[in-house]
Amino acid sequence: MDELERTGADPVIQRIVEALRAPADLGTEVDRRVLAALRRLPVPRRGLGQSLVIGGLAVAAGLGAVLLVPGPPGPPEGTTPVRFVLSSSAASRVSVVGDFNDWNPTGTPLRRRGAGEWSLTLPLHPGRYRFSFLLDGRTWVSDPRLPSAPDPDFGAPTSILTVEPSAP
Amino acid sequence: MEQSVSALVLRARDGDLDAFGQLVTRFRPPFSRYALQMLGQREEAEEALQDTFLRAYRSLAGCREPARFQAWAFAILVNRCRTVRRQLLRRARRHSRDPDALDRVSVPHPEGDDAWREEIQRALARLPAAQREAFLLKHVEGLSYEAIAELSGARVPALKMRVLRACEALRRELSGVLHG
């Protein structure tokens, strides 16, 4: 056990942890609401995604970028395909992490397309999203072309992506 | 007879909402505790919990090990709490000149009137969110640093430092209450 982990053996901390481990329950109303929402879910329909392109992008080494691109046939209705691109020959794995995947650091990996080129296309509903790229599970990289927002809680640099509604 | 978690997950994957309902009922209490302690406000904790279960249902195909549903869904909860926390901060900034006021709110504990618990909740709410998250995951939920790193994307040394800082702050704030 190292110095930092010994902190947990402190009697004051032990009393605090004991109290915090006491059961706390938000109640069965949560169950009812969850199931009611699931029963209301429409059967997903599939249609053509809206094609929007922001071109003229030069991606420097280690930098990420986002493009709204023509998607493959069949993205979910009401979404726009958004391509996340990152160039890094040093990274062995890259993921995109943001509001759209609940800031899950491992849930949305980019695919390596060639020498140091990583990309992934996601269908996103119109809205404003904060996101960042995560390299090798430890280095956060924002998209320098997009507005940035400091993360007041967890310290990662984040970019702001706005997805407009698709044209009818 | 109570069905195994794996069996319920497999049934839910096939669209059986009753099976998913049993999973919600089973894991609501431990998830409630984390959401309440992380967010400090009942309404927001309920929102995070409901979103977690809805997203878990929609993503069940991604739960590769049905027996580990609890750990898989808990990861969704941790991230939902982060997102809800960010939304709270944004709201606080719009309505207050003092965004840190969010960290000083009095947090009622669902267990009620125990003064010691209330003091703990207040001290916990005053911790920076990253420290609170690391402390709760390590000491209350009992996760390893490696598991927390996998969940949060932070490195183990940084997590250890957050837990240390959280312990120092809690001890500073609560030693007097405990011995006084």
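Computation of the quantities below employed the complete heavy-atom set of this structure, encompassing side-chain atoms and omitting hydrogens, waters and symmetry-equivalent molecules. Residue numbers begin at 1 in each chain, while the letters A, B, ... track the order of the sequences. Since the model is a prediction, treat every value here as computed from it, not as a measurement.
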Report task. Using a cut-off of under 4.5 Å on heavy-atom pairs, state which of A:Leu134, A:Thr28, A:Leu35 scores highest against chain B. Result -> A:Thr28
Query - Distance in Å, B:Glu47 CD paired with A:Leu26 CG, rounded so as to fall on 0.5 Å steps - result: 12.0 Å
Report summary line: Comparing B:Val24, B:Leu136, B:Thr52 against chain A, the one with the most heavy-atom pairs below 4.5 Å turns out to be B:Val24
Query - Region of A:Arg33 that comes under 4.5 Å of a non-hydrogen atom in chain B - result: side chain
Query raised in the report: So which bits of residues 7-18 of chain B come within less than 4.5 Å of chain A, counting non-hydrogen atoms only?
Result: B:Leu17, B:Asp18
Query raised in the report: What salt bridge (Lys or Arg N to Asp or Glu O under 4.0 Å) pairs are there with at least one residue in residues 22-37 of chain B, not counting sequence neighbours?
Result: A:Asp25-B:Arg28, A:Asp31-B:Arg28, B:Glu2-B:Arg26, B:Arg33-B:Glu141
**Report entry** Spatial distance of atom CG (B:Leu124) from atom CD1 (A:Ile16) [nearest 0.5 Å]
**Finding:** 9.0 Å
Query raised in the report: After noting the C-alpha distance and the side-chain angles of A:Leu38 and B:Phe53, does the key distance pass the side chain to side chain contact (heavy atoms under 4.5 Å, CB included) rule?
Result: CA-CA 10 Å; A:Leu38 289 177; B:Phe53 285 123; over 6 Å; no
Query raised in the report: Between A:Ser95 and chain B, which part of the residue has a heavy atom less than 4.5 Å away: side chain, backbone, both or neither?
Result: neither
Requested in this report: Determine whether B:Phe135 and A:Val17 make a side-chain contact, defined as any pair of heavy atoms from C-beta on separated by less than 4.5 Å.
Outcome: yes
Report summary line: Rounding to 0.5 Å, atoms OG (B:Ser175) and CG (A:Asp10) come to a distance of 7.0 Å
Report task. Mind checking the OG1-CZ spacing from B:Thr83 to A:Arg130? Nearest 0.5 Å is all I need. Result -> 9.5 Å
